[in-house]
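Below is one structure, written out as structure tokens, with a few remarks after it.
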There are 2 protein chains.
Amino acid sequence: MTGTGTGSRTDVRAAAPGDGSLLLDDQLCFALYAASRAVTARYRPLLDELGLTYPQYLVLLVLWERDSISVRELGAALHLESSTLSPLLKRLEANGLLRRERRADDERSVALRLTRDGARLRERAGTVPLAIGDAMGLTPEQDALAKQLLRLLTANVTEG
Amino acid sequence: MTGTGTGSRTDVRAAAPGDGSLLLDDQLCFALYAASRAVTARYRPLLDELGLTYPQYLVLLVLWERDSISVRELGAALHLESSTLSPLLKRLEANGLLRRERRADDERSVALRLTRDGARLRERAGTVPLAIGDAMGLTPEQDALAKQLLRLLTANVTEG
DNA sequence: CGGTATTAAGTCGTGCACAACTTATTAGGA
DNA sequence: TCCTAATAAGTTGTGCACGACTTAATACCG
């Protein structure tokens, strides 16, 4: 009786994606939610040294790539609403990392321009992805696979 | 000159996990952050009908599995602090889904017990995982793989 | 037993995140 | 042209999420 007897069939707690399980640990959504918060927590001490929060860091990643974009374009890149970005951008401006100026050709739009300090922060941030990548501890293949699956998931869930 | 000339080597925007790229779309952390919010957004209309937020739904998933646990145990299951859970649990109590009672044998601890309404909500919630699983659109293999990778990532990032 | 350390829960302040709404500006059609 | 739609950004209210701290109760050690 090594199999603990009855129920070896029902002992299957494997997580079929489409089954109706209400067990927390069967849910991909929870694995996702927990992982996202865990990664953000890992960033926190590093970003504290730069005086940034995690969403602020993401904003700067975008602006370091292409400066002088609008709030709308930034929101499209990060999948965030203006109601989230407006106060966040005000804080970044108050901290002297960027300026917000109405565009002359379209007064509805606000252009975001890095200040010298904002641009310079890029160098200090250079070590952050390495440190995080290290902490994540995934192989290049696992990392690529995870990104691929997450993008597929996001695309599927966003449409319809 | 079909290769757009110079730079065909540097055109490799592939995302090595440990490279120092500061490009937003190379970052696993952003894929994770975006996916987590996208999935939560997909849950929202379904949970609205149950009068729940997503974190509240997660709390109920735990309580439907094992009722009468403490705030501490709940926090361990969800990886959440008491400073997050206390107000959330108050709202669930105000909505009549659970009761909080100090344990007689240890007055520091608070036991969470589902009310009849809280227990009954489980039936109405039964269709939620199916609907979400469907919207996610992953094969069983992809789903299992994603969960596996996310759990590995969480474990790696949480330690040390 | 007494006193200190530990633990459990909760409060407070800050910063997202988003829905619903407002304001201002531009676009486009009758 | 006017005038209605659509668009961009921002405001407001609610609910997380977490660090730092507080309060109360239990554990443990000399």
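Every chain is numbered from 1, with letters handed out A, B, ... down the list of sequences.
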Starting from [atom2] on [N], measure out to [atom1] on [X] and report it in whole angstrom.
X        : N      : atom1 : atom2 : value
A:Leu85  : D:dT12 : CG    : C1'   : 17 Å
A:Arg108 : C:dG28 : CZ    : P     : 10 Å
A:Asp105 : C:dA27 : CG    : C1'   : 14 Å
A:Tyr57  : C:dG15 : OH    : P     : 20 Å
B:Arg42  : C:dA17 : CZ    : C1'   : 19 Å
B:Arg103 : C:dT7  : CZ    : P     : 18 Å
A:Glu101 : D:dA9  : CD    : P     : 13 Å
A:Asp106 : D:dT7  : CG    : C1'   : 8 Å

Subject >> Watson-Crick or G-U wobble partner of C:dT26, both distances under 3.5 Å >> reply: none

**OP:** Can you tell me the pairing partner of C:dA19 across any strand shown, Watson-Crick or G-U wobble, with both distances under 3.5 angstrom?
**Re:**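 Matched C:dA19 with D:dT12 under the 3.5 Å cut-off.
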
**OP:** Classify every nucleotide of nucleotides 15-22 of chain D by which part a protein heavy atom approaches to under 4.0 Å, writing B for the base, S for the sugar-phosphate alone and - for neither, in 5'-to-3' order.
**Re:** SSBBBB--

Original post:
With respect to the phosphate group of C:dT7, does any side-chain polar atom (N or O) of B:Ser109 fall under 4.0 Å of OP1 or OP2?
Top reply: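 So the side chain of B:Ser109 is outside the cut-off, no N or O lying under 4.0 Å from OP1 or OP2 of C:dT7.
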
Original post:
Looking at A:Lys90, does any N or O in its side chain come under 4.0 Å of the phosphate oxygens OP1/OP2 on D:dT11?
Top reply: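 Looking at the OP1 and OP2 atoms of D:dT11, one of them is under 4.0 Å from a side-chain N or O of A:Lys90.
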
Original post:
NA contact type, B:Thr40, heavy-atom cut-off 4.0 Å: base, sugar-phosphate, or nothing?
Top reply: nothing

**OP:** Pick base, sugar-phosphate or nothing for B:Arg100, based on heavy-atom distances below 4.0 Å to the nucleic acid.
**Re:** sugar-phosphate

Subject >> Taking every non-hydrogen atom, the tightest pair across A:Arg100 and A:Val110 >> reply: CB-CG1, 3.7 Å

Original post:
Which heavy atom of A:Leu22 sits nearest a heavy atom of B:Leu61, and at what distance?
Top reply: O-CD2, 3.3 Å

Original post:
Between B:Trp64 (side chain) and B:Gly118 (backbone), is there a donor-acceptor pair under 3.5 Å?
Top reply: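 At least one qualifying donor-acceptor pair exists.
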
Original post:
Considering residues at least two apart in sequence or located in another chain, which fulfil the side chain to side chain contact (heavy atoms under 4.5 Å, CB included) criterion with A:Ile69?
Top reply: A:Val62, A:Leu63, A:Arg66, A:Glu73, A:Leu74

**OP:** Name all residues meeting the side chain to side chain contact (heavy atoms under 4.5 Å, CB included) criterion together with A:Arg120; count only those two or more places apart in sequence or in a different chain, and write none if there are none.
**Re:** A:Arg116, A:Asp117, A:Glu123

**OP:** If the plane angle is over 60° it's perpendicular, under 30° parallel, otherwise tilted; pick one for B:Tyr33 and A:Tyr54.
**Re:**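 The arrangement is perpendicular - the two ring planes meet at more than 60°.
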
**OP:** Assign D:dA5 to syn or anti; the rule is syn for a glycosidic angle within 90° of 0 and anti otherwise.
**Re:** syn

Original post:
Where the side chain of A:Arg72 is defined as all heavy atoms beyond and including C-beta, which of D:dA27, C:dA9, D:dA8 is the nearest nucleotide?
Top reply: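 Ranking D:dA27, C:dA9, D:dA8 by closest atom to the A:Arg72 side chain puts D:dA8 first.
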
Subject >> B:Val110 side chain, from C-beta outward: closest of D:dT11, D:dA8, C:dG10 >> reply: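 Among the listed nucleotides, the one closest to the side chain of B:Val110 is C:dG10.
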
Original post:
Can you list the steps and then say if A:Asp106 with A:Arg108 is a salt bridge (Lys or Arg N to Asp or Glu O under 4.0 Å)?
Top reply: CA-CA 5 Å; A:Asp106 186 346; A:Arg108 292 173 300 182; 3.1 Å; yes

